[in-house]
Amino acid sequence: MAPLLSMKNVTAFYGGSQALFGLSLRMRQGEVVALVGRNGAGKTTAIKAICRLLRHRSGEIRFEGKDLGPLASHRAARLGIGLAPEGRRCFATLTVEENLIAAARPGHWNIDSVLRLFPQLRDRRSKVARTLSGGEQQMLAIGRALMTNPRLLLLDEATEGLAPLVRRNIWEAVSELKSDGELSILLVDKSLRELAAIADRCVVLERGRDVWSGTFDELTPEMAVRHLGV
Amino acid sequence: NSLKVGMITTLSGGGASLGVDVRDGFLLAVKQSNNPNIEVVVEDDQRKPDVAVQLADKLIQSDKADVLTGIIWSNLALAVVPSVVNQGKFYLSPNAGPSALAGNLCHENYFNVAWQNDNLHEAAGAYANTAGLARPYLVAPNYPAGKDALNGFKRFFEGEVVQSHYTRLGQDDYAAELALIRATDADSIFFFLPGGMGIAFLKQFAQSGIDLPLLGPAFSFDQGILQAVGEAAIGVKNTSQWSKDLDNEANIGFVAAFQAEYGRLPSLYASQGYDTANLLISALANAEVSDADAFRAALKAAEFDSVRGDFSFAANHHPVQDIYVREVVKEGDILTNRIVALAMEDRSNAFVNDCSM
Amino acid sequence: MSIVLIAEQILNGLQLGVMLFLMAAGLTLIFGVMGLINLAHGSLYMIGAFACAGIASATGSFWLGLLAGLSAAAAAGAIVELAVIRRLYNRDHLDQVLATFALILVFSEGTRWVFGSFPLYLTPPEVLEGTVTLPGGIIYSRFRLAIIVAGLAVAGGLFLLIGKTLLGVRIRAGECDREMIAALGVNIGILYTLVFALGAGLAGLAGAMVGSIQSVQVGMGEPVLILAFVVIVIGGIGSVAGAFVGSILVGMADTLGRFLFPVFFGTFMDPSSAMSVGSALASMLIYLLMAAVLVFRPQGLFGHVGA
Amino acid sequence: MAEPILRIYNLTKSFGALLATDGVSLDLKPGEIHALIGPNGAGKSTLVKLIVGELRQNSGSIEFRGVRVDGLGAAERARRGLARSFQVSSIFPELTVFENVFLAVQGTRGRTYRFFGNDISNAEFSHLASTQVERAKLGARSAAVASELSHGERRRLEVAMALAMRPKALLLDEPMAGVGAEGTRELTNLLKEIRAESPILLIEHDMDAVFALADRISVLVNGRLVSTGSVSEIRNNEDVRKAYLGYEDD
Amino acid sequence: MSARERGLNIGLASLLLVVPLAAAYFGEPYYLTLATRIAILSIAAVGLNFALGLGGLVSFGHAAYFGLGGYAAGILANHALNGQAILAWPMEIGGTTFMPAIWLVAVLVAALTAFLIGMLSLRTTGVYFIMITLAFAQMLYYFAVSWPAYGGEDGLPVYVRNSFPGLNTFDPVQFFLISFAALMVSLAIFSVLRNSNFGLALRASRQNAGRLESLGIEVFRLRLTAFVVSGAITGLAGALYADLNRFVSPQMLSWHMSGEIMVFVILGGVGRLFGPVAGAALYIFLEQSLGEVSDYWQVFLGLLLLCVVLFARGGLIGTVLDRRNG
Ligand SMILES: Nc1ncnc2c1ncn2[C@@H]1O[C@H](COP(=O)(O)OP(=O)(O)OP(=O)(O)O)[C@@H](O)[C@H]1O
Ligand SMILES: Nc1ncnc2c1ncn2[C@@H]1O[C@H](COP(=O)(O)OP(=O)(O)OP(=O)(O)O)[C@@H](O)[C@H]1O
Ligand SMILES: [Mg+2]
Ligand SMILES: [Mg+2]
C-alpha cells in the first residue's frame, strides 16, 4: 500500500536562504506522527511545503501516491489535507461561525461537533475572531481545519497558548480520531510528554534534515538532549 | 522668407476635441497655401498650464519658433502668452481671449483671431432684448470665465435677470439647479457650460419637463458635440461669430475643403484655426518675420479672406466682427446650426480702453 | 421657498446618492472586500457608458446597450484581474495604486483612440423619458426614478451576497488572509476574478445609466471615482450598508448644499457674492463632510476599528 | 515588607456585555515573580493591556512606583518602566533583530527625537541592546531581518525587546509559548536571573514553568480573581485543579 | 544603504547635472528647462517619500503643500510687483521677490498647513488616511478655483523670476543650478533623517505602530513630525515650480498633481533615497518622448508603467539593484 504521505529529499528556500536540506518523511494512513526539533529546525517549513504554501525546490512530496509538486495549495487541500497553522491565522474580521464555515467540506466534522469539542466557542459564535483571546483563536484554528474534514491533519503548534485542561481535551479528541483509523495527524508541539502519550512515532528535525525517527520509547534522554536540548 | 510656427494645443484627455479641430483647421490652411516655407510644430499641452509653459519654452528655445499659437483654454493662455510676447515672439490666439489679455496685459505681439471671451455672451444679451426675453435665469460655472460670461451677458441686456447661478466647475448633475429654475418665474435660460457640463445640462433639461427657451454661446452647440446632445438641442438659439452656412466665398470653400480633407463637418474651432493660419500666411506674404515691426503691421492689417466675412482688428488686437444667432436644426440625420439673426454688428470688445498699447 | 421645492431637492439628493451608490457599490466590493485599491474603477464606468452608447446607437435599443455596457465592463474587469491585478495581491498597496493609475491612462486614451475625441450620444429609452407627477405635486424625471429603483435593487442584492452567502464569507476570508483560505481548499483566485468582474460590471451599469443623462466622454469616470471613494470612506470600507448610507449622505449634502448655501449667504450678503461664496463652499462641502466624519469616526460610519 | 512596585485596585473593563476584567486587585512586589493563570479567555491579556495603557479601564486604578498612572498614555507608561511582551509576537518585520531590540532602548530612553545622527554608534546603548539579544539566545541571528525568523525565534525576540526596555516591572504574556522545550528551560533560567532587576508578572499556561518560577500565583476566571497563593496552595486547590489544570491525579 | 546603491545614486545625480548642461552647451537649452522641472518635481517627491516611504503615510494630498508653496511664491511676487500690501493690518506686510525669503515663507506655510491637516488626518490610518488627505487637498483646490483675488481657476501669473543675491535667475543655467542644489539639499536632509534615531522609529512605525507605542514612542507625535517635514519639503518645491513657470494655478493643487507626485515615488522605488529622482526623470522623459510617437501616447505611457509595476518590483532603483545582485 502506498504511504499516505511521503517526502523524499525535499529542499526548500525562502528567497535566497535555504530552510530544508533534504528532508524525508513517510506517514501511513491512520498514523499520528510528531515532528520535533529546535526553533528554526524547519518544522513549519516542512508543513508549509506539504500544503503548498511554499514550493519546494527539489525532492518529491506525494500524498496517496499523487505528486503534490505541481498543485496549487487549494488543490492540495482538497485532496484531504487540513491545516491548523502556526500563529493561528484566523480570519480576523469574520465571526467564529463564518471562520468555521468558510472552507467547510461535508463529513464527520460540522459546526455542532466542533462546538462540542470547544464549548467555549459556542458562546462566542457571532463574535469576530479579532476580539477572541489567544487561546480561543487557537481553538478556532483547529476547529476550522477539522471542518474541512481532512484525512491528513497538520497541527503546527496547535496547542500553544491553550490552558492545560483544554489541551487535554484536544489530545483526548485526537486519540479518539486516531482510534477510528480514519484520520492521520502530523503534529508539531512543544511538550514531549504530551506528544509521547499520543503519537505513534516521532521524527526529529535538525537544520532542515530529518536526523532521527522512531517511537518515543526509543528516544533516549541523551538523544533528546543532543537534538532537542532537553 | 520662412516661418516656424509652434502650436501648443490640447490633444489628449477630455478636452482634446477642441485642440484637434483647431489644429486641423490650421493645418488645412497651411496646406492650401502651398507655401513650403511654413513649418508647424505641434505639441500637446494636456490642458495643464505648467506643461504649456514649458512647451512654450521648448518651442522658443529649441525649435526656434517665431510665432506661437494653438492654446484653447484661457488659464493656459494667461500662463503662456505674457512670457512668449515678452521674449519678442508673436502669439496668435485661435480660441482663448481672456479679458486681461485684452485689457491691462495687452501686448503689441499678441493677436486674438477668435474673439474676446465676452463677445458671444454679449451677443446673447443683446439678442435677448430683441427676442423679447425679459426674465432670463443665468447659469455658469463658478470660475473666472463663468463670471465673465454672465457679466458679458448683462452688459447689453436690458431686462431683469432672475438669478445669476454659479455651479461647480465640472459638475455633471443639474437636478438641483433645474428644480430651482422650475420654481422661479423665469421666462428663459441663458447658460454657459462648456464641454461635458453643457451636454449633461441639456440632456437633463430635456428630461425635466421644463419648457423654457434656451440661449447660450456657441460652445455647447458646436458641430463636435451637438451629436452627443441629440434631439434635446433642436431649436436652441446660440450665438457665434461663425456658422457653416455663412454665405461667403472663403467659407464655402473652407467647409468643402475641410469635409474633403477630414471627412467631418468643420466646427467653430476649426474655423478659428483656419482663420489664424490664413492671417499668418497673409502677413508672411507682406513682411518677413525677422522684421518684427513690419510683420506686426502686416498682421494688424489682417488682409486675408476670413471665413467670417468682414474681419479687422481693434486697437487691442482683438477682432471686430459680426456675431450671429444660430438655431440648432436637423439636416437629414445630422444636427447642425443655421443662422437666424444678426445679434451684433462689427462688435469690438469692452476692454479696448484698458489697453495702453 | 416652497415645500414642493424642498421635497424635490431632497428627492434629487436621494437620487444623486443612489447614482453614486451604483458606482460605489462596485468599488466597495473590490476595495473593501478584496482589499484592492482600484483607481481604474472610473475607467470601467466609462467603458460601460461607451459600450452602451455604441451598441444603443448601432442597434437602436437602449436595453441592449445597457446589457452591453454591463458585460463590456465586466469583461474588461475580468481581463484586468487576470492580466494585472492577480499579480499584485501580495504586493504593497502602492503597487496597486501605480498599476491602476497606469490602467487609467490606457483605458482613457484607448477609448479616445477607438471612439474619437467627441462625446457620444446616449439618451434614456422612450419608456423612461419625460416626467411623472408624484404625490404632493412634485414633478420628477422618470429616468431618475428608475435610477433610484435600480440602485436600491443593487444595494439589496449586494447586501445579501456579501453578508449572507458563503461566497461572501469566503471573499472576506480571502481579504484577511488569502494564503490561508487557499490552504483550506478554496480556489480564491477564481473567486476574486468573479468578484472583480462583478464590481466592474456594476461600474459599467452605473456608467451606462448615468451616461444617459450626463455626457459620455473620455475622462467621465475620474470625478465620479473620487466621489465614490469619498462615499465608501465615509460609510466605512467594505461595508455595503456603509456605502449606501455614505452615498445618500453625500448626495444629500451636495444637492442641499448647492441649493441652500446661496440662500443662506443671501440673508446677509449681496446676491451675487452670496451666490459665488455659497457655491464655492458647496463644492467643498462633501470633502468637509468626509473630513468631519473621519475626525470623529476614523474608521467611517460603518467601519470596524482596526479594519 | 517592601512596598509593591505595581498595584492595581478594583480594575474593571467590559467589552459590550462581556465583563472581561471584573474588579481585579493585584500587586507586584520587588524581586518577585507573580504568575497569573486561568482558562482561555479569562481576561489575563486584557489585564496586561489595561496595565500598560493599551486599553482604558472602565473603573479602578493603577499605581506604579507610588504614582497613579491610569490616566497616562501607553508610551509614557513604557518610558516610566512598565514593559510588556506580547502573547502574539509583535515585531518590526523589516528591521533586523538588533534594530528591533535597539528601538526598545531608544524608545524608553526618550532618544527618539534625535534628527541628526543615531545612537547605534553609542557604545552604551548598543551594548545594552546586544546584551539582550544574547540573553534571548538570538546572538547568531542578530543581523537577520525579523521577518525571516521562525516562530520560536520571534517569541525570543519578543522577550528580548521587553528586557531591553530596562523595566521596573515586567509583564510577560506567555513568553514560553512556541519556544520549545529547550527554550522554556533557557527562559526559566533567564527569568530567575532577571527577577532581581525587576519583578515579573508572568502569564503562562506551561504549568511546569509556572510552578518552577512563581513566588505567588493568582488565578483569574471569567475576569475575576478567584484565588491568590503560593505554588503549593494553588497546586492543591481543588477548584483550580478541576477547572483549569484538568488533572485529577498527579 | 549598500555601496551599490550609493554608486547608482551618484551616477544618477551626475547624469541629472551633466546632461542638461552639455545639451545647453550644444545649443539645446530646452533640456535645461526639462531638467529643472525634473529636479523640482523630484524635490516634491522627496518630500512625499519621507512621509510615504519611511513613515508609510500614504498622503494623496501632497499637491496641497506643493500648491501652497507655489501660491506663497506667486502671491509674494505679485504683491512686490504691484506694490500693494498683502496685509495692511495689524502690521503692513508687503510682497517680495527675494528668493530666500520666499522659500522661507513657502516652507513655513506648507509646514503649518501640514501640521493642521496632520493633526486631524493622522487620527486615521490606511485607506482612510489616503482619502482624508485627499479631502483636505480638494478643499484647498476648490477654494483656489473659486477665490477670485488671486486669479481663481485662471491662475496667477508672476511675469518675472524672483531674484537670488549674486545670481541671474533668468539665466536658465543658473536657475537650473539653484534647483539642482535645492534637490541635493533636500536629499541630504532625507538621508540624514532616515539614518537618525528619528528615522529608525519612523520606519518602525510603518511596520507596526502599536508595538512602537509599547516601547515608549508616541506614534502620533512621530508621524505628525514626519508629516510636517514632508509637507515643508514639498512646499519648497512648489515655490521653485512657481518660479520655473512664472505662473501658479489651482492645477498645482489638484488631485492629479498629488497622484503624479505619488507615481514618481512609487515608480522610482518607495523609501529609496533617489527613488523620487529616478521616478520623476523617467516619467517626464517618457512624457516628452512618447508625445512624438502618437496623439495617443498616454496609452503607451500607461503600458510602460504597467510593465514597470509588474516586472520591476521595488521600483526602478530596487530593480536595478536586484539585477546587479544577481
Ligand atoms: N477587543 C475586544 N472586544 C471584545 N471582546 C474582547 C476583546 N478583547 C478580548 N475580548 C474578550 O475578552 C475575553 C478575555 O480575553 P483575554 O485575551 O484577556 O483572555 P486571556 O485570559 O488572555 O486568554 P488566553 O489565555 O486564551 O490568551 C475573551 O472572552 C475575549 O473574547
Ligand atoms: N519567511 C521566512 N523568510 C526567511 N527565512 C525564514 C522564513 N521563515 C522561516 N525562515 C527560516 O527558515 C528556517 C526554518 O524555519 P521554520 O519556521 O521551519 O522553523 P521551525 O522548526 O518551525 O521553528 P519554530 O519552532 O521556531 O517554529 C529558520 O532558520 C528560519 O529563520
Ligand atoms: Mg514553527
Ligand atoms: Mg491571552
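In this text the structure is predicted, and so the values were computed from the model without any measurement. Lettering follows sequence order; numbering is per chain, from 1.
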*Which atom pair, heavy atoms only, marks the closest approach of C:R112 to B:S12?*
NH2-CA, 3.4 Å
_Atom group of C:S283 that falls short of 4.5 Å from chain B, counting heavy atoms_ = both
*asked:* Between C:S212 and chain B, with a heavy-atom cut-off of 4.5 Å, which part of the residue counts as in contact: side chain, backbone, both or neither?
replied: backbone
*Please look at C:E129 and chain B and tell me whether the side chain, the backbone, both or neither of the residue comes under 4.5 angstrom of a heavy atom of that chain.*
both
*Top contributor to chain B contacts, counting heavy-atom pairs under 4.5 Å, from C:D254, C:L105, C:T255*: C:D254
_To the closest 0.5 Å, what do you measure between OH (B:Y174) and CZ (C:R258)?_
8.5 Å
*Gap separating the CZ atom of B:R168 from the CD1 atom of C:I286, nearest 0.5 angstrom*: 6.0 Å
*Most contacts with chain B, counted as non-hydrogen pairs under 4.5 angstrom, among C:T123, C:I139, C:L11, C:L256*: C:I139
*asked:* I'd like to know which of B:Q163, B:E177, B:R182, B:E231 tops the heavy-atom pair count under 4.5 Å against chain C.
replied: B:R182
_Against C:Q214, only a single residue in B:Q204, B:M197, B:Q171 fulfils side chain to side chain contact (heavy atoms under 4.5 Å, CB included); can you say which?_
B:Q204
*Which region of B:A183, side chain (C-beta onward) or backbone (N, CA, C, O), has a non-hydrogen atom less than 4.5 Å from a non-hydrogen atom of chain C, or is it both or neither?*
side chain
_Contacting moiety of C:M19, where chain B heavy atoms sit under 4.5 Å_ = side chain
*C:R142 and B:Q207: side-chain hydrogen bond (donor to acceptor under 3.5 Å, both in side chains), yes or no, with the steps?*
CA-CA 8 Å; C:R142 264 175 218 272; B:Q207 297 285 314; over 6 Å; no
*Output, in order, the C-alpha distance, side-chain angles, deciding distance and verdict of side-chain contact (heavy atoms from CB on, under 4.5 Å) for B:D222 and C:F118.*
CA-CA 11 Å; B:D222 200 51; C:F118 298 105; over 6 Å; no
*asked:* Quick check for you: among C:G13, C:P119, C:A282, which has the greatest number of heavy-atom pairs under 4.5 Å with chain B?
replied: C:P119
*Which value, rounded to the nearest 0.5 Å, describes the distance between C:S215 atom OG and B:D172 atom CG?*
8.0 Å
*State, to 0.1 Å, how close C:E8 and B:A179 come at their nearest heavy-atom pair, and which atoms those are.*
OE2-CB, 3.4 Å
*Test side-chain contact (heavy atoms from CB on, under 4.5 Å) applied to B:H165 and C:S279, step by step*: CA-CA 9 Å; B:H165 194 115; C:S279 75; over 6 Å; no
*Measure B:L169 against the heavy atoms of chain C and call it side chain, backbone, both or neither at under 4.5 Å.*
neither
_Let me confirm one number: the CD-CG distance from C:Q9 to B:L180, rounded to the nearest 0.5 Å._
5.0 Å
_Proximity breakdown for C:L120 and chain B, heavy-atom pairs closer than 4.5 Å_ = backbone
*Take C:L122 and B:K203 through the side-chain contact (heavy atoms from CB on, under 4.5 Å) test and state the conclusion after the steps.*
CA-CA 9 Å; C:L122 179 62; B:K203 282 186 180 177; 4.3 Å; yes
